[in-house]
Amino acid sequence: MEAVIWKRPCVLALRSCGPFATCGSRGTFGFRNGGRALHRTFILRVINSTGSGAVVARPSSARKYKRREGVDRKLAALRQLFHKPGLQMDAYIIPSQDPHQSEFIAECFMRRAFISGFTGSAGTAVVTKDKASLWTDGRYFLQAENQLGPDWTLMRAGTPGVPTVSEWLTDVLSPGSKVGIDPFLFSSDAAEELKHTLSTKDHKLIYVYDGNLVDEIWKEDRPKPPAAPVRVHDIKYAGLDVSSKISSLRQNLVEAGATSIVISMLDEIAWLLNLRGNDVAHSPVAYAYLIVELDSTTLFIDPSKITPEVIVHLRNSNVTVKPYEGLLLEVERLANCGAKLWLDTSCTNVAIVDAFHSACNKYFENLPKRSKQKSIKERNKLLNAKSIDSEMEGPLAIHKASPVAIAKAIKNGAELDGMRQAHLRDAAALAEFWTWLETKVVQDKTTFTEVEVADKLLEFRSKQAGFLDTSFDTISGSGANGAIIHYQAEPDTCDIVDDKKLYLLDSGGQYVDGTTDVTRTVHLGEPSSREKECFTRVLQGHIALDQAIFPENTPGFVLDVLARSSLWKIGLDYRHGTGHGVGASLNVHEGPQGISYRYENMTGLQGGMIVSNEPGYYEDRSFGIRIENLVIVQDMETPNRFGGNSYLGFEKLTFVPIQSKLLDLSLMSPAEIEWLNNYHSEVWEKVSPLIQGDVHEWLWKNTRPVPVNSTA
C-alpha cells in the first residue's frame, strides 16, 4: 500500500502522502507543525498549485457514499445546528478520525465521508455558514474531484498556494468568530495549535461536548458501534507475554517520573495486551483505552467483547476490565489522587487531556493556602528540571511521546519469524492468482472487471492457512485508474482488466502470524516504450533503496532520495512517501518509522523495524506504476564502523516476481540486472515448494534470469 508518512498526529491527523501527499502510517496536514475520471455535469471548484473473535474476510465492495447533485441537504441541516441554544458558532470542522486518532476507522465514525461524499481515508472537511471545503492529499485528488458535489471546494493540501485549514478559516471568517470541534476527534496538540492560530484573528475555538453535530443529521442511519469479540494473540506469535511488556512500560514510567499513563492508540493496546480485535475493517484492533499505573492495569472496553478465554488471559496478567465510557472518570480520579500522568498529546484526544487538566486545577483549588503555595513552587521548578520527582505533591501531566510506539515497531524474533512465514504463504496465493489471471486474459481472451479480479484474489488468499482478512481495501486499477493512487473499484463504475492496459494491483493480507502488503504492476499484452521506461525507472529506485546501507538511527527521509533519483533524471516524481512501517499481525500502517521526503519525522531506523519500499509513477488519466516489497531493517556487516556506529540494511520479506517484459533493459546497469536475477532466484527457491502444477510452471517462467548482455 502506498507509503504514508508516519508522524504522531499532532495536527488534523491525516495519514497522507505528499506535498503532493504524505505517506506510513500516520501523516499530517491541515495546520502547520506538526474509477476512472467521470464526466461531470457540474463545476467543481479546485484549489491547486496554480492557486486556482469472529473474523470475517470482507469482499472489496464496502459501504460507499455517492456523489450528490443538486441542493446539499446535509450541509443545510448542519448549518442549522450552528444556531443551537448555547452554541452559536460560525464554522465546524469534521476530521477523518475516531477518538483514537486511527487511520482506518469503524463505519460509525466515518462522519467526514457521510457529510462530504468523499470516501478517501485522509481528509478534513470544514463547513462555514456559506462555504464548504475539503482538504486531502495527492493520493486522493482525482478521487475527490469525482466524489465531491458542487457545493464543495477541493483544497489540494500540501501544494504551493493552498492554505492550511487554520489559514483558510482565519481568512474567510469575520474577526471574533467561533469555530466548533468535537473534542474527542482531535488530538490535544491539534486542538491547541488550532486554538492558537485562530486567536491571531480573535477567533475562538469551542469544544462541542454535547454530541457530534454530524451524528444529529445521520440519526438512525448511522451504523451501530462495532461489537465483535476480541481474541488472544498467541504467545508463539507475540513473542513476549503481557506481564513482561507491562513491566518494561512501568520501568519507562519510573524513569520519566510518572506514576501512570493513558494509552489511546488501538494498535498499541492490542500489542501490549496480546489481544486482537475485529472492530475496524482490515485492522485487527478493538476500540478501547488502557491505563497503566505502577501497581495496576485497567482496560476500558465494551464488556460484551470480552470472551471467557480473554477474561482468563487478562486475569493472568493482572488486568482489570472497566466499561469503555468510564475512562474520563478514571482520569479525574487519578488527578484527585495526585498522579503524575503520562499523556502523549500528539495522539490522545483533547477531551481526555482537558479532563485531567481540569481535575488538576480543582485539586489545587481545594488545597489549603500553604500547601497550595508549596505545590505551585514545586511545579514551577519543573520548567528547568531534567527529571520529575514522583514524590512532588499534587497531580501533574507529563506530555511525552508514548514509549509503546517504538517498542511495538522493533519486532522481536517471534514476530519477525511470523512475518516471514506469512509472506511466503501470501506469495504462494499471489502466484496462484497471477497464473489464473494470465491464463484467463491472455490465453482464454476473457475479460474481468477490476472488482471481480480483486475478489478472485481474496478467494486465493482465503485458502491459505492462518488467513483472517485483507490488510486494506485492495487497489485494483486498470489503465487510467492505476493513476489514482488510492483508487477503489466500485462494481457500477469500474473498468475491465484486459491485455490492452497496464494493471496495478496493491493488496495485502492479515494472517494470525503476520501482515502483508505488496504491489505489482503488469501488462498482459504489449507495453508501450513510455510505459517500459517509466516502469524501469521505478524499479531502479526500488533497487537503489533495497541495496542501501546506512548508519543506525538514520531517519527515513535521508533514504527517500534513493528511490526517486532515477525518475528525477527525466523530470518525473510521485505524490506519496516511499515507505511506511508495518505491524506484526497488526495495522498495515504503523509508526513512528517511515521513509519520505518530508523531514519532520526524525525517527531513526533501527534493527527489527519493518518498512515498505514502494516508489511509483502516475500519469494522470493514463496509467499508474508502483512496485512494493516489505523489508526488515537488519544489522549489516561492514569492513569499517566509522565512529563506532552500527550499520543497517534491509532483508526482503516479499517474494513475488517482477514482470520482466515491462523493463527497458537498455536503461539498466549490469548490477541492477544482477539484483533482479538474484531476487527472482530467491523467489523461486522460497515459493516453489509451496505450489504445484500450472502455478509451479508460471513461477518458473517468471523467475528466469535476464541476460546481462541484453543491455545496450
Over all atoms of both residues, closest heavy-atom pair of [X] and [Y]:
X      : Y      : answer
Leu134 : Ser116 : CD1-OG, 3.7 Å
Ser476 : Tyr487 : O-CE2, 3.1 Å
Trp342 : Pro403 : CZ2-CD, 3.4 Å
Phe104 : Ser283 : CD1-OG, 3.8 Å
Pro592 : Ala409 : CD-CB, 4.1 Å
Ser612 : Glu628 : CB-OE2, 3.6 Å

May I ask you to test the [X]-[Y] pair for a side-chain heavy-atom distance under 4.5 Å?
X      : Y      : value
Tyr92  : Val179 : no
Leu559 : Leu545 : yes
Val331 : Val262 : yes
Ile352 : Leu328 : yes
Arg621 : Leu142 : yes
Asp210 : Leu87  : no
Gln97  : Ile105 : no
Phe557 : Ser596 : no

Who are the salt bridge (charged side-chain N to carboxylate O under 4.0 Å, His left out) partners of [X], not counting sequence neighbours?
X      : answer
Lys129 : Asp90
Arg79  : none
Lys84  : Glu216

Quiz prompt | Full working for side chain to side chain contact (heavy atoms under 4.5 Å, CB included) between Ile93 and Thr124 | solution = CA-CA 7 Å; Ile93 304 176; Thr124 300; 3.7 Å; yes
Exercise. Start with the C-alpha distance between Lys74 and Phe114, add both sets of side-chain angles, then the distance that settles side chain to side chain contact (heavy atoms under 4.5 Å, CB included), and finish with yes or no.
Key: CA-CA 9 Å; Lys74 294 177 183 177; Phe114 170 79; 3.4 Å; yes
Looking only at side-chain N and O atoms, does [Y] offer a donor or acceptor that is under 3.5 Å from a partner on [X]?
X      : Y      : result
Asp344 : Ser402 : no
Glu614 : His580 : yes
Tyr597 : Asp560 : no
Thr119 : Gln147 : yes
Arg626 : Tyr618 : yes
Asp98  : Ser102 : yes
Asp189 : His399 : no
Thr128 : Asp130 : yes

[X]: which residues meet the ring-ring contact (aromatic ring centres under 6.0 Å, His included) condition with it, sequence neighbours left out?
X      : answer
Tyr287 : His100, Phe109
His196 : none
His203 : none

Spacing of [X] atom [atom1] and [Y] atom [atom2] [to the nearest 0.5 Å]:
X      : Y      : atom1 : atom2 : value
Thr603 : Met609 : OG1   : CE    : 6.5 Å
Ile269 : Leu290 : CD1   : CG    : 5.5 Å
Ser166 : Leu205 : OG    : CG    : 11.0 Å
Leu185 : Ile94  : CG    : CD1   : 10.0 Å
Ile484 : Asp620 : CD1   : CG    : 9.0 Å
Phe623 : Cys534 : CZ    : SG    : 4.0 Å

Quiz item: Is a salt bridge present between Glu268 and Lys408, judged by a nitrogen-to-oxygen distance below 4.0 Å?
Solution: no
Self-check item: Salt-bridge contact Asp215-Arg111 (side-chain N to carboxylate O under 4.0 Å)
Solution: yes
Exercise. Please collect all salt bridge (Lys or Arg N to Asp or Glu O under 4.0 Å) contacts where either partner lies in residues 174-185, sequence neighbours excluded, each pair once.
Key: none
Exercise. Identify which one of Leu327, Leu266, Thr348 satisfies the side-chain contact (heavy atoms from CB on, under 4.5 Å) criterion when paired with Tyr289.
Key: Leu327
Test side chain to side chain contact (heavy atoms under 4.5 Å, CB included) applied to [X] - qualifying residues, sequence neighbours left out:
X      : result
Gln88  : His83
Lys569 : Arg537
Ala270 : Arg276, Val285, Leu586
Ala351 : Pro183, Phe184, Tyr209, Asn349

Practice problem: Not counting sequence neighbours, which residues clear side chain to side chain donor-acceptor pair (under 3.5 Å) with Glu332? List them please. | Solution: none
Practice problem: Evaluate the criterion side chain to side chain contact (heavy atoms under 4.5 Å, CB included) for residue pair Ser133 and Trp168; output intermediate values, then yes/no. | Solution: CA-CA 10 Å; Ser133 295; Trp168 184 79; 3.3 Å; yes
Practice problem: Would you check, one step at a time, whether the test side chain to side chain contact (heavy atoms under 4.5 Å, CB included) holds for Leu173 with Lys201? | Solution: CA-CA 9 Å; Leu173 295 178; Lys201 290 293 184 71; over 6 Å; no
Practice problem: Give a yes/no verdict on a cation-pi contact between Arg564 and Tyr574, requiring under 6.0 Å between NZ or CZ and the six-membered ring centre and an angle within 45° of the axis. | Solution: yes
Is there a donor-acceptor pair closer than 3.5 Å between any side-chain N or O of [X] and the backbone N or O of [Y]?
X      : Y      : answer
Ser187 : Ala190 : yes
Glu167 : Thr164 : yes
Ser358 : Ala355 : no
Ser471 : Val588 : no

